[in-house]
Structures are given as C-alpha cells and as structure tokens.
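Since the structure comes first, as structure tokens, the remarks are kept for the end.
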2 protein chains.
Amino acid sequence: MRSYGEYCAIAKSLDVVGDRWTLLVVRELALRGACRYTDLRNGLPGIASNLLAERLRDLEAAGVVEREEAPPPVAATLFRLTARGEELRPVLDGLMRWGLPLMTEQGEGEAVRSHWLVGALAQMLVDEQPGGPAVALELQVAAEPIAIELRGGSVEIGVGPLEGPDAILSGPPRPVMGLLLGLIELPEAEADGVGFTGDPAILDRVGARAVSVGRGARDGE
Amino acid sequence: MRSYGEYCAIAKSLDVVGDRWTLLVVRELALRGACRYTDLRNGLPGIASNLLAERLRDLEAAGVVEREEAPPPVAATLFRLTARGEELRPVLDGLMRWGLPLMTEQGEGEAVRSHWLVGALAQMLVDEQPGGPAVALELQVAAEPIAIELRGGSVEIGVGPLEGPDAILSGPPRPVMGLLLGLIELPEAEADGVGFTGDPAILDRVGARAVSVGRGARDGE
DNA sequence: CAGCATCCGCTTTGATACTG
DNA sequence: CAGTATCAAAGCGGATGCTG
C-alpha cells in the first residue's frame, strides 16, 4: 500500500494493515490459528490468489505473520500470527463489536463460515437462567456446526459438533441470528426457513445482550 | 467499496469503514470534533478533493457522519460524527495503540499535525514524581503547540499554548518523541535538532509507559 | 494438490484544474 | 468554502498456467 505519509500512530497502523483484505487475513489467523494457504483461501472467499500471496508476503515483512515449513510427511507451509500480530486482536474486537448491528441486514448471497460467527455470538449471548441445568444447543448455519453450551451462568461457544445436543437450530444465518438476538420469534423464523428440534424453552434460556444499535441503516442512495 | 460479501461482523464493518482514507476521516472528526471541509483537507494532507467529498457522502449514508449547515453569518457546512460514529473510537484507539511502536521509525518528509499526537502522548506518558509540584511543558513540533501538564500524578495533554510553561521542547517530531519515550537522551536529541529550554529535571519527571514493542521492523524486502 | 506467478479488463485512486 | 470534472496511474478481480 501507498503510505499515508503521516506521522500519526493510526495512519502508521493503516499503512501496515489498511489494505483491502489485509485485516481479514489477520482475522482468519486470529480465529483459526495456524493455517495453510488453502485454508486461508477457503476462509476468504473472493480473494484473488495473487493478492493473498502478496498480502502474506507484506504481513510477513511487517512482522505480523510468520511462516513455518512443516517437514514431510505433512509437507505443508503453515502461516501463523506473530506476537506482534496477536496484538491486533483489540482492533479486530473493536471492528466486530461495531459490526454486530449490521448482522441483521440482508446479505443476499453472502458467504458464511462458522468460525466467523463464534466471536459475534460470544459477544451477544447470555444465559438468562444462570441457575438452570446445563444445556447444549447446536447451530447448523454453515458447513461446520456451532456448539453453544450454557452451564452455571456461563456461555461457551465453539466450532464443532456436540454429542447429543438438547436442541438443534438450523437454516439461513440471518433469521437464526435474529432469533437468537430476540429480534424475531420462532414462528417467524420458521417461516424464513429456520428449523428447530428440541424444547422451545431452550430458546428462552439464551438471551441477547443489548446490542446498542445506533442504526446501521443507510437512508441516502 | 466493493462489499466483501461475507456474513461476518468484521467484514461488514470493513465494508463501511475499510476504504482507503475512510478511517482517517473518522479520526479527524473524533480528534477535532465538528470540522469544515477545509479543516478536514488540512488534517488529511494528500487526499484528493473528490475522494474526500465521496468519503463524506458514503459515511453520511452509512449513518457515521452528519452534516450541519451553519446559518449566516458563519455560513459554513460542519461535519460531525453521529452517535454511531462515536462508537468507532475503540477501533481508533486499538489502531493507535498498535501503531505506537511505529512512531519511532524514520518518516522522511512525513506530515505532522499536533492533534494526531495528543492521543499517542496520553497513552505513553506518566508522571514519575506524582508528589512533585505542578509542571507545564510545551511541545513545539508542528504548527500548533502541545500542552503537557503534570499535576498531582495526573498527566493532561492538549493542543494549544501554555501560559508561562516551565519548559519548552521543540524540533523534529521523531527525536522529540524518542526523548519523551526515554529511547534517547537530551544530548543525542539536541544533535538531532531538538531544542530545550527550562530545567532538564523536568524531562526526568515525564516517564514513558512501557510500549510493548514486538518489533515494528521489516526484514525482507 | 499446494503455493504461487502472469496476464488482462475493469475499478479506484491521485493530482490538478475548474466552478457556484 | 465546498465541492465537481477530468484523466493518467495504480490496484483489484478473475482466469489460467506453472512448478515442486
């Protein structure tokens, strides 16, 4: 990227991570840990292959990413965040929080990956009956299932299947998120293609932290 | 900007503020409050006029910025952050903290504005003798002076002149910052063009919080 | 197959000039 | 002051091909 040429900490950060796709490459490595080139491509649908290679090169030169050549028989190149790269987490967190209100918007034909959602869900969800029994809820909104476990007032969220979940929520991401956020009710969600099996009371158990929506809408244009 | 087309809170934030210059426009409004178009241009040296106009239009449509037509005799258009725009401060803070270690780098021919530095200085500086008498130090590194006041263990920093400062530190921004950070000593700074008037003990009074430098260096390229 | 490099059409940006 | 107009240059997206 062309430098902004400003003696300003924010501008200097953006000189490094302000390019298109760059922060999303960091997101992938932050959310999934060490990745192969191919894994990164899968987590960044739409990126041109040469751009990914260039971003990785630039991030390596900036000390944000390092590569590790795994020896045979694996014979793969692994990319991971350096300590300096890990320090970008507060920036990613800030962007994630700010973007939460936008998750209720349309998104015709948007790509979805389960690991993109775990952070957002962790921000949003609270156990509204902390004293209740442990409950396990599985979300099926992308290729990988998402596990949500409520236990003793704490909410744990991760990518991967649950053994014998108490309920399964499946369907298009937006109505599923809307349901979990309490913006719509189950019948309305089902009309939008959401499937639910299990005790509906579980849905009352998971509540949404107030997401201060300043309004994400665009009026002009 | 072309949307990333991802159902991900981070990607959706970047759909709004990920364009080149966009976050720097927000920075200007966050640091300086309501601004006129001309003030913004001055705070964003190098931006093309049409780009600034386009970014402001996009940010307004996204609900981040609002414009206010001041009535005559002022007869100026003022741009300010909306509540939703103010919520980007954590993102700006994160980028500023991450960029602090980069402030020690070269920067041949970089532009400087005093208001860019107050946040960074506020992050860095601590009063190392909290019980000492109140001390006022003025920095002259850009058009506007920067006021640093140590009083009762607290450090206050702002743009503007001081009345009868106890010391004045002037010269190129990088050695001045290096001196305040404790990376170099006064004689070395003076060799780099820094001027200092007042009691040198004052420089021992202002200490630097540990800026965890992961290393900002580039090795390749 | 993993990890790129090359080529090409299109979009965005940069620099400057001009206008109500 | 607050923009719009213009146009060259750089960056990006998509396809394809190469190499270990």
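Side chains are part of it too, since the values below use all heavy atoms of this structure and drop only hydrogens, waters and symmetry mates. Chain letters run A, B, ... following the sequence lines, proteins first and then strands; every chain starts at 1.
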Query raised in the report: Near DNA chain C, under 4.0 Å by heavy atom, which residues of residues 17-27 of chain A?
Result: none
Query raised in the report: So, is the end of the B/Arg84 side chain (NZ or CZ) under 6.0 Å from the ring centre of A/Trp98 and within 45° of the ring's axis?
Result: yes
**Report entry** Residue-phosphate contact under 4.0 Å: B/Arg57 side-chain N/O, D/dA2 OP1/OP2
**Finding:** no
**Report entry** Rounded distance in Å - CD (B/Glu68) to P (D/dA2)
**Finding:** 12 Å
Query raised in the report: Do A/Asp58 and A/Val64 touch side chain to side chain, with heavy atoms closer than 4.5 Å?
Result: no
Report task. For B/Ser170 and B/Gln140, indicate whether the former's side chain and the latter's backbone hold a donor-acceptor pair under 3.5 Å. Result -> no
Query raised in the report: Can you check side-chain contact (heavy atoms from CB on, under 4.5 Å) on A/Leu169 and A/Leu180, steps first, answer last?
Result: CA-CA 10 Å; A/Leu169 194 52; A/Leu180 289 172; 4.1 Å; yes
Report summary line: For B/Arg27, the salt bridge (Lys or Arg N to Asp or Glu O under 4.0 Å) test, sequence neighbours excluded, returns A/Glu6
Query - Sequence neighbours excluded, every pair satisfying salt bridge (Lys or Arg N to Asp or Glu O under 4.0 Å) that has a member inside residues 160-186 of chain A - result: none
Report summary line: When rounded to the nearest 0.5 Å, the distance separating CG of A/Leu51 from CH2 of A/Trp21 is 8.5 Å
Query raised in the report: Given atom CG of B/Leu52 and atom P of D/dT4, what is their separation to the nearest angstrom?
Result: 10 Å
Report summary line: One should read off an interatomic distance between B/Tyr4 OH and A/Leu44 CG, to the nearest 0.5 angstrom, of 9.5 Å
Query raised in the report: First and last nucleotide of DNA chain C in contact with chain A, 5' to 3', at under 4.0 Å to a heavy atom: what are they?
Result: C/dA2 to C/dA15
Requested in this report: Before accepting this row, confirm whether a basic side-chain N of the pair A/Glu110/B/Lys12 lies closer than 4.0 Å to the acidic partner's carboxylate O.
Outcome: yes
Query - DNA chain C contacts among residues 35-51 of chain B, heavy-atom distance under 4.0 Å - result: B/Gly46, B/Ala48, B/Asn50, B/Leu51
Requested in this report: Calculate, to the nearest 0.5 Å, the distance between atoms CD1 and CG belonging to A/Ile10 and B/Leu24 respectively.
Outcome: 7.5 Å
Taking N or O atoms only and anything under 3.5 Å, show me the protein contacts with nucleotides 18-20 of chain D, one pair per line.
none

Report task. Over 60° means perpendicular and under 30° means parallel, so classify the ring planes of A/Phe79 and A/Tyr37, tilted if in between. Result -> tilted
Query raised in the report: Going from CD1 on A/Ile146 to CG on A/Leu139, what distance comes out if it is rounded to the nearest 0.5 angstrom?
Result: 5.5 Å
Query raised in the report: Below 4.0 angstrom, N of the basic side chain to O of the carboxylate: do A/Glu54 and A/Arg57 qualify?
Result: no
Requested in this report: Could you pick out which residue, A/Arg2 or A/Leu56, lies toward the 5' side of DNA chain C when each is mapped onto its nearest nucleotide?
Outcome: A/Leu56
